[in-house]
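Every chain is numbered from 1 and lettered A, B, ... according to where its sequence line falls, protein lines coming before strand lines.
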Amino acid sequence: MASPIADLSYRNYDGPLDPPINRWWAIAKMSMRLSIKKKGFWVWAVMSGYWYLILLAIFYFADQSTQLGNAVGRKNPFFSNIVWKDLFVNGFSVSQLFFLILALLIGAGTIANDNRANALLVYLSKPCTKLDYVMGKWLGIFIPMTIVTAVPTLIFYLYCLMSYRTYGFLSQDPWLILKLLGMVLVPGALHSSLALGVSSMFQQGRLAGATYAGVYFFGVFFTKAMQSIGVMSAMNGSEGPSGTVNSLYYCSIDGIQIALAKILLHTDGSQLIPGQPATPMKLVMPAPSGWIFVPAFFGICALAMLLAWSRIKAVEVVG
Amino acid sequence: MMVSATNVSRWYGQVIGLNDITCEIGPGITALLGMNGAGKTTLIRLITGQLRPTTGDLKVFGEAPFANANVYRRLGYCPEIDNFYEHYTGREFVKFLARLDGLSADQAKKRTEEVLELVGMSDRAGRKIAGYSKGMRQRIKLAQAMLHDPDMILLDEPLNGLDPVGRRELIDILGSLANQGKAILVSSHILFEVEQMTRSLLLLHRGRLLATGDLGVIRSLIDKHPHQIRIETDDPRKAAALLAPLPNVVSMRFDRSGDAIQLEVREPDSFYDALSLAVLEQGLSIRGFSSPDNNLESVFKYLVEA
C-alpha cells in the first residue's frame with residue numbers, strides 16, 4: 001500500500017528518447033498552437049474569404065433572376081460569360097491584405113519574441129539544431145496560412161463544381177484544382193519566409209511587424225503607381241502597359257503572389273465583378289513572365305530564410 | 001571527467017570573456033563562482049555548446065559540444081533568464097521542451113507531471129507563465145532542465161528568487177542527483193547557500209580561472225592570509241600563555257567578551273595538533289572553537305583581492 005505521504009524525491013526517467021532528428025515538428029506544433037489561440041487569427045482567417053461570400057451572393061441573385069424571368073431550362077448568359085479561373089485569381093487578389101494581417105499576427109513576432117525572451121538559449125541547448133528551429137518556425141506560419149488560403153478557395157471550387165458544370169466550370173480548365181492547390185501554397189510560403197527574415201532582425205515582435213507592414217505598403221504604393229502609368233497608357237490609346245511597367249506592377253509582396261497565381265492558372269485575369277465591361281480606367285494588368293517571377297519568388301523566399309538563418313544565435317554578442 | 005577544458009579562451013570581438021581556462025568537472029556538485037563579468041555564463045554557454053571556444057580545446061562527454069545534439073541529449077540547462085513564452089502555461093512549456101528532448105507524446109506528458117511535482121509546481125502549472133512570480137519561473141526552468149534525466153545539469157543562478165523552503169528543496173534535489181553520479185554545475189552569487197551544497201568550486205575572475213578544487217584545500221593554500229581561529233575557554237590567559245609560544249601563531253588578541261581568544265595562525269593542521277596536546281597535557285579547558293574565515297566567502301574574498 002502506498003504511503004499517505006507523497007514521495008516527491010527525484011525519479012529517474014527510464015523511458016525512450018527519440019534520436020535528435022525531426023525536432024522541427026515539435027516547434028511547428030507549438031507555434032501553431034499559439035497562433036490558433038489568438039482570437040484575431042480566427043477573425044481575420046474568416047474575413048480573408050469574404051470575396052467568395054460576395055461572389056456566392058452575386059451568383060445567388062443571378063440564379064434568382066434567371067428563375068424570375070421564366071428562363072428555367074435556358075442557360076443564364078451571366079454564367080456563360082464567366083472565365084471561372086479568373087474568379088479564383090480575383091478572390092486571391094482581394095484577400096492579400098488579410099494574408100498580410102495574418103502574417104503580422106502569427107509571423108512577425110515569431111523569432112523577435114524569442115530574441116527578446118532569450119528563449120533561443122533554451123531551445124538551442126536542447127538536442128535540436130538551428131535547422132530544426134528555422135524549419136519549425138517556418139512551418140508554424142506556413143501551415144496555418146496555407147489552410148486559411150485553401151479552405152475558402154476549395155469550398156468555392158466545390159460549390160462551383162457542383163452547381164456550374166453546365167456553364168463550363170470543369171471543361172474550361174479540367175486541371176484547375178491542381179493549379180489551385182499550387183496557388184494556395186504561395187501566400188504561406190512567401191509570408192512565412194519574409195516574416196521569419198524580418199522577425200529575426202528584431203528584438204520586439206511589434207517592431208518587426210511594423211517594419212514588415214511598412215515594406216508591404218511601400219510595395220503597394222509602388223504597384224499603384226505602376227498601375228496608374230498603365231491606365232494612362234491605355235487612355236492614350238496604346239494597347240496596354242509596356243512589358244517593363246507590367247513587370248514592375250508585380251514587384252511587391254502581394255504583387256508577386258498575384259503574378260504567381262496568374263502564371264499558375266495561366267490567365268491574365270479579368271474584371272473583379274463578372275460581366276463588367278473592360279475600360280481603360282479599370283485596366284487589368286496581364287500576367288507577367290513566369291521566367292522572371294517564378295525564380296524571383298523562390299529567390300526571395302531563399303534570401304529571407306538565409307537572413308533568418310544567419311541572424312539566429314543563441315547568445316548575445318558583445319562588442 | 002565529464003567536462004575537460006584545455007587552454008580555452010573565448011573572445012567577443014575586442015572583449016575577452018574567458019582567458020586560457022584549463023579545468024575539469026566531474027560527478028558531484030561544483031560551484032561556479034565569480035563576480036559579474038567574471039566569465040561564468042560564458043563558460044556555461046561553452047559547455048552547453050551555444051558558443052564555440054575561440055582557442056583551446058573543450059570536451060563534454062568526450063566530444064566537442066558546439067552544435068552537437070549528442071552532447072545536448074545528456075545536458076540539462078537552466079539559464080539565468082526567465083522571461084520565456086508568456087502565453088504558454090507552465091505545463092505547456094515544459095511539455096513542449098520534453099518533446100524537444102526526444103520524449104514521445106505520452107512519455108512527455110507523464111514526465112512533465114513528474115518533474116512539475118518534483119519542483120512543487122503541479123497545482124500552478126496550468127496558469128500562464130505571464131502570471132508567474134520569479135520563484136515560480138525558476139521552478140519551471142528547473143523542471144525543464146531535469147526532464148530527460150541528463151547526466152550533467154548546468155544551473156545559472158538557480159537560487160535567485162526562490163523562497164527559503166524552495167532553496168532548501170532545490171539543494172536537496174541537487175544533492176540527490178549528485179549522489180546518483182550526475183555532474184551539477186551551479187553558478188551563484190549566494191555564497192552561503194552554495195557552501196551548503198558543495199565544497200568543490202571553480203572560481204573565475206575577469207575571465208581567468210583563479211582556483212579549482214576543494215574549498216578546504218584551496219583555503220589551506222592561501223598563505224598570504226593566516227587562518228583565523230577563535231577559541232572559547234574559561235581561562236583565556238592560560239590559553240594565551242600556552243599557545244603564544246607556538247611557532248605558527250602569527251597574532252593573538254582577547255575577545256571583548258572575556259571568555260575567548262582570537263588567533264591568526266599559519267599551517268593550521270600543525271596548530272590543531274599542538275592545541276590537542278595543550279588540552280590533553282596542560283589541562284587547558286576549551287568550550288568550543290571555530291575558524292571564521294574557513295568558508296567560501298573568505299576564500300572568495302582572499303583570492304579575488306589577491
**Q** For the NZ atom of A:Lys37 and the OH atom of B:Tyr88, what is their distance to the nearest 0.5 Å?
**A**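 Reported to 0.5 Å precision, the distance equals 8.5 Å.
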**Q** If I measure from the heavy atoms of chain A, does B:Arg111 come under 4.5 Å with its side chain, its backbone, both, or neither?
**A**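 Just its side chain gets close to chain A.
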**Q** Heavy-atom cut-off 4.5 Å, strictly under: side chain, backbone, both or neither for B:Glu169 against chain A?
**A**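 For B:Glu169, no heavy atom lies under 4.5 Å from chain A.
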**Q** Taking all heavy atoms of A:Leu124 and all of B:Tyr72, pick out the closest pair and write down the distance.
**A**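 Scanning both residues completely, I find the closest heavy atoms to be O-CE1, 3.4 Å.
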**Q** Does some side-chain heavy atom of A:Pro127 sit less than 4.5 Å from a side-chain heavy atom of B:Leu100?
**A**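 No. Closest side-chain heavy atoms not under 4.5 Å.
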**Q** Please tell me if the side chains of B:Glu92 and A:Met30 come closer than 4.5 Å, counting only heavy atoms from C-beta onward.
**A**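 Result yes, sub-4.5 Å side-chain heavy-atom pair found.
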**Q** A:Lys130 versus chain B, heavy atoms under 4.5 Å apart: side chain, backbone, both or neither?
**A**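 Looking at A:Lys130, nothing touches chain B.
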**Q** Does atom CZ (A:Phe218) have a neighbourhood of more than 12 heavy atoms from anything else shown, all under 6.0 Å?
**A**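 Atom CZ in A:Phe218 is not packed in, count stays at 12 or less.
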**Q** Select one option (side chain, backbone, both, neither) describing which atoms of B:Leu154 are under 4.5 Å from chain A's heavy atoms.
**A**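 Nothing of B:Leu154, per the 4.5 Å heavy-atom cut-off to chain A.
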**Q** Does atom NZ of A:Lys38 have more than 12 heavy-atom neighbours, drawn from other residues, nucleotides or ligands, at distances under 6.0 Å?
**A**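 Count over threshold, so yes.
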**Q** Determine whether more than 12 heavy atoms belonging to other residues, nucleotides or ligands lie under 6.0 Å from atom NZ of B:Lys134.
**A**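 More than 12 within 6.0 Å, yes.
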**Q** Pick whichever of B:Val115, B:Thr41, B:Asp101, B:Leu177 has the most heavy-atom pairs under 4.5 Å with chain A.
**A**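 Between B:Val115, B:Thr41, B:Asp101, B:Leu177, the count favours B:Asp101.
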**Q** Please classify the contact of A:Thr129 with chain B as side chain, backbone, both or neither, using a heavy-atom distance under 4.5 Å.
**A**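 Neither part.
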**Q** Taking the side chain as everything from C-beta on, heavy atoms only, tell me whether A:Lys126 gets closer than 4.5 Å to B:Gln144.
**A**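 Contact flag for A:Lys126/B:Gln144 side chains = yes.
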**Q** Considering only heavy atoms and a distance below 4.5 Å, find which of B:Val119, B:Leu97, B:Leu75 pairs most often with chain A.
**A**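 Heavy-atom pair counts peak at B:Leu97.
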**Q** Mind checking the CD1-OG spacing from B:Ile44 to A:Ser125? Nearest 0.5 Å is all I need.
**A**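 Output value for this atom pair is 11.0 Å.
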**Q** Grab the two heavy atoms, one from A:Ile27 and one from B:Phe96, that are nearest each other, plus how far apart they are.
**A**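 The answer is CA-CE1, 3.7 Å.
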**Q** Determine the option with the most heavy-atom pairs under 4.5 angstrom with chain A, choosing from B:Val71, B:Leu103, B:Thr48.
**A**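 Of the candidates given, the most pairs with chain A belong to B:Leu103.
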**Q** For B:Arg52, does the CZ atom have more than 12 heavy-atom neighbours from other residues, nucleotides or ligands under 6.0 Å away?
**A**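 No.
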